[in-house]
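One structure is given here, and the rest of the page talks about it.
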Amino acid sequence: MDYTREVEQWRASMEASLRAEDGWLALAGLFWLHEGSNSVGASDDCDVILPPGTAPSNVGRFERTGDVVTLFAAPGVDIRVNGEPVDAAGLVLKDDGDSTKKPDTVTVKQLVMYVLQRGVRYAIRLRDKQHPKRQAFEGRHWYPVQPEYCVQAAFTPFETPYTLEIPNMLGDVEQHPSPGFASFELQGQQCRLTPTSSGGRLFFVVHDTTTGHGTYGGGRFLYADQPRDGIVTLDFNKLHSPPCAFTDFATCPRPPRENYLPVSVEAGEVAIDH
């Protein structure tokens with residue numbers, strides 16, 4: 001397939017993913033849970049406030065006890081967890097901080113909630129399948145596809161374990177193991193990027209001199225396949241804005257100091273206001 005067409009098809013898939021019912025544009029809230037009882041419903045006095053007209057004023061409560069979050073349904077309210085009805089007796093949604101467990105989904109009509117863990121904190125993330133932003137979104141914006149920004153980089157594994165310190169939008173710093181670093185030349189300058197691993201691929205959070213000046217101020221994301229014969233392909237035409245560029249309810253990582261490039265990468269996604 002023609003390279004430009006392949007990149008454009010990839011960009012179209014990114015657009016579709018963003019607009020989907022479970023995409024980032026459907027996010028409607030992020031509510032941090034305190035220890036003990038956290039009420040949920042469409043009433044303004046609830047701890048987890050649901051959009052007006054989408055649910056009863058009292059839906060129930062999320063009970064947090066340390067690393068355990070339990071859902072208790074209010075009588076007569078149709079709440080489903082993973083598609084199954086829940087009664088007032090309670091159902092554990094999150095237990096002992098198991099970050100490998102796929103989150104249970106709590107559904108009330110068009111709304112979907114699940115427990116989100118960030119460090120020692122827990123929150124309820126809320127999605128609204130009928131969120132107006134899904135229909136109102138005018139689309140992602142991109143630089144033209146430029147083949148010269150698809151770079152073959154040398155990949156050097158770390159000889160000893162290396163921990164990448166990655167800040168996030170919450171002000172926390174998370175520590176992630178890194179398998180190595182990619183080195184390459186761009187615009188006549190020697191550059192280096194250090195990834196973590198995600199879903200079997202390399203994941204980079206990148207800052208360049210366009211960051212905050214034409215591209216999203218929190219940096220951009222780039223995924224790459226695992227290196228082959230010491231070479232990794234970095235396609236900067238696929239640099240894309242993180243979820244925080246489109247919603248206030250995401251908790252995105254920011255670029256670590258290792259990934260500040262000294263060049264202007266006018267490729268990939270351009271910033272828009274949300």
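Predicted model, so just to flag it, every value in this text is computed and none were measured.
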> What distance do Leu261 atom CG and Thr211 atom OG1 have between them, rounded to the nearest 0.5 Å?
Replying inline: 8.5 Å

>> Tell me if the CD atom of Gln135 is crowded by more than 12 foreign heavy atoms within 6.0 Å.
In response: yes

>> Between Gln146 and Asn237, is there a side-chain heavy-atom distance shorter than 4.5 Å?
In response: yes

> How many angstroms lie between atom OG of Ser37 and atom CZ of Phe62, to the nearest 0.5 angstrom?
Replying inline: 11.0 Å

>> Under 3.5 Å, is there a donor on one side chain and an acceptor on the other for Ser241 and Arg220?
In response: no

> Roughly how far apart are Thr247 OG1 and Leu30 CG, rounded to 0.5 Å?
Replying inline: 8.5 Å

> Any cation-pi pair here, Arg192 with Phe181, using under 6.0 Å and within 45°?
Replying inline: yes

> Yes or no on side chain to side chain contact (heavy atoms under 4.5 Å, CB included) for Arg127 and Leu111, after CA distance, side-chain angles and deciding distance?
Replying inline: CA-CA 6 Å; Arg127 279 195 170 97; Leu111 305 177; over 6 Å; no

> Trp24 and His131: ring pair (Phe, Tyr, Trp, His ring centres under 6.0 Å), yes or no, with the steps?
Replying inline: CA-CA 10 Å; Trp24 294 104; His131 199 299; over 10 Å; no

> Using a distance-only test with no angle check, is there a side-chain donor-acceptor pair under 3.5 angstrom linking Glu63 and Asn38?
Replying inline: no

> For Glu185, which residues count as a side-chain hydrogen bond (donor to acceptor under 3.5 Å, both in side chains) partner, sequence neighbours excluded?
Replying inline: Gln190

> With the threshold set at 4.0 Å, does a side-chain nitrogen-carboxylate oxygen contact exist between Lys129 and Asp22?
Replying inline: no

> Can Arg61 be said to sit on top of Phe72's aromatic six-ring, NZ or CZ under 6.0 Å from centre and within 45° of the ring axis?
Replying inline: yes

> Given Phe221 and Tyr216, is the ring pair (Phe, Tyr, Trp, His ring centres under 6.0 Å) satisfied, shown in steps?
Replying inline: CA-CA 10 Å; Phe221 291 176; Tyr216 181 62; 9.1 Å; no

>> Using side chain to side chain donor-acceptor pair (under 3.5 Å), reason through Thr233 and Gln152 one step at a time and then give a plain yes or no.
In response: CA-CA 5 Å; Thr233 300; Gln152 303 299 304; 3.2 Å; yes

> Taking everything shown except Arg257 itself, do over 12 heavy atoms lie less than 6.0 Å from its CZ?
Replying inline: no

>> One pair to check against side chain to side chain donor-acceptor pair (under 3.5 Å): Thr251 and Asn168. What are the steps and the verdict?
In response: CA-CA 7 Å; Thr251 60; Asn168 64 27; over 6 Å; no

>> Classify the ring geometry of Phe137 against Phe246: parallel below 30°, tilted from 30° to 60°, perpendicular beyond 60°.
In response: perpendicular

> With no hydrogens and no angle check, do the side chains of Tyr223 and Asp235 hold a donor and an acceptor under 3.5 Å apart?
Replying inline: no

> Would you call Glu15 and Arg11 a salt bridge, using N to O less than 4.0 angstrom?
Replying inline: no

>> For Arg201 and Asp225: C-alpha separation, side-chain torsions, deciding distance, then whether salt bridge (Lys or Arg N to Asp or Glu O under 4.0 Å) applies.
In response: CA-CA 5 Å; Arg201 306 187 75 202; Asp225 291 334; 3.1 Å; yes

> Are Pro51 and Leu126 side-chain neighbours, meaning at least one heavy-atom pair lies under 4.5 Å?
Replying inline: yes

